[in-house]
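Below is one structure, written out as structure tokens; the observations come after it.
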Amino acid sequence: MEFESGAIPLADLDGPFDLQATLESGQSYLWDRADGRMYESMDVHGGDAWYETVVPPIAGVSDDRVVVRVRQTDGRLEWEATADAVPILTHLLRLDDDLTAILDATPDDPLLERAYDAYEGMRLVRDPPFACLVSFICSAQMRVSRIHGMQMRLAREYGDAVTVAGETYRAFPTPDQLAARTESELRDQSLGYRAPYVRRTAEMVADGEAHPTEALELPYEEARESLKRFVGVGDKVADCVLLFSLGFLEAVPLDTWIQTAIADHYPECDAGTYAETSRAIRDRLGGDYAGYAQTYVFYYLRAGGE
DNA sequence: CGCCAGGCTAGCG
DNA sequence: CGCTAGCATGGC
């Protein structure tokens, strides 16, 4: 198999774009940097590194598995892929979002202003649902770089190999492929106590008992409850899947960094329970696009901002 | 060595 | 309901 190639002029987008900030901000753990320097430079933007991933079929976008490589350079998004990557990248990197309009709809707020300014052009992602679900089950009490390493390892150990232009890429394992592993095998891949969560969740999807995309039909808070059926998925992980895969841009994952931000900047939003605090901070961060604000704040604080 | 990392589950009151 | 002990692993 060989690559075809092309480029997307970034001037065509509504608003700015930053590939490095988008892929290294801890939203998606499914891309890898070809130079092996993922997460080594959170403070540097506009790098021109190549990123690569194997994309499963996406309903309404692409029928086949596609290997995609992409880099940002000279105001363009250059790509190499085993099919036309334009619709795929548009989907995965939310190139169809009007970031200017989203910024305009964001409330005036010192912290948000600093965060949006620091990582101008960062977009949310639309990860494939099953892989996103597994990624964030693995994310519990884990550093960003290790979450990424775990997903790369799962792909290397259990995913299908796809060879293109002499290089071998590994697809993220399917639900069947993960459900076929034992808990102890997954523990051996350094999943720790998350191993049974991943296995049982994969089994639920493989058996048709539940699928993460069922949440798409539901209003936001019911969608969150729907995802919590999966083992290893609580409120926070459910919000991550809703935001980074299923397009619920109002979802605000209440992780440790946002809890800190609430304590330091929005103490009136601490309403006790997750659900109530979630509503309060969602309103405070602008409602419909509150998840965008959350992700900027997360990255900004984690990189050392205040 | 101790502490912490994009939390969750099970079991208690 | 709300609350919390226990949970794996690796980097600093």
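Chain A is the first sequence line, chain B the second, and so forth, proteins listed ahead of strands; every chain is numbered from 1.
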Q | Side-chain (A/Asp109) to main-chain (A/Leu111) donor-acceptor, under 3.5 angstrom | A | yes

(Q) Suppose you measure atom P in B/dG11 against the same atom in C/dA8; what distance do you get, rounded to whole Å? (A) 15 Å

Q. Side chain of A/Thr90, backbone of A/Asp96: donor and acceptor closer than 3.5 Å?
A. no

Q. Heavy atoms under 4.0 Å, any strand shown: does A/Gln259 hit a base, just sugar-phosphate, or nothing?
A. nothing

Q.
Please list, in numerical order, the residues of residues 137-151 of chain A that have a heavy atom closer than 4.0 Å to any atom of DNA chain B.
A. A/Ser139, A/Ala140, A/Gln141, A/Met142, A/Arg143, A/Val144

Q. Does any donor atom in the side chain of A/Asp239 or A/Tyr274 lie under 3.5 Å from an acceptor atom in the other side chain?
A. yes

Q) Could you give the distance from CZ (A/Arg153) to CG (A/Leu191), rounded to the nearest 0.5 Å? A) 8.0 Å

Q. How long is the gap from CH2 on A/Trp31 to NE2 on A/His148, to the nearest 0.5 Å?
A. 11.0 Å

Q: Scan side-chain atoms only and decide if A/Glu24 and A/Tyr51 contain a donor-acceptor pair under the 3.5 Å cut-off.
A: yes

Q.
For the P atoms, the ones on C/dA5 and on B/dC3, what distance do you get once it is rounded to whole angstrom?
A. 15 Å

Q. For atom CD of A/Glu113, is the number of surrounding heavy atoms from other residues, nucleotides or ligands below 6.0 Å larger than 12?
A. no

Q. Atom CG of A/Asp188 and atom P of C/dA8: how far apart are they, to the nearest Å?
A. 13 Å

Q.
Using a 4.0 Å cut-off on heavy atoms, which residues in residues 218-244 of chain A reach DNA chain B? List them by number, or say none.
A. A/Phe230, A/Val231, A/Gly232, A/Val233, A/Gly234, A/Asp235, A/Lys236, A/Val237, A/Phe244

Q: May I have the distance from A/Arg153 (atom CZ) to C/dT9 (atom C1'), rounded to whole angstrom?
A: 11 Å

Q. Taking atom CG of A/Asp97 and atom CZ of A/Arg123, what is their separation to the nearest 0.5 Å?
A. 6.0 Å

Q) So A/Tyr39 and A/Tyr29, would you call those rings parallel, tilted or perpendicular, with 30° and 60° as cut-offs? A) tilted

**Q.** Geometric cation-pi criterion A/Arg302 and A/Trp257, 6.0 Å radius, 45° cone
**A.** no

Q) Heavy-atom contacts under 4.0 Å between residues 189-200 of chain A and DNA chain C, which residues? A) A/Ser190, A/Gly192, A/Tyr193, A/Arg194

Q. Do A/Asp48 and A/Gln20 have side-chain atoms, one donor and one acceptor, less than 3.5 Å apart?
A. no

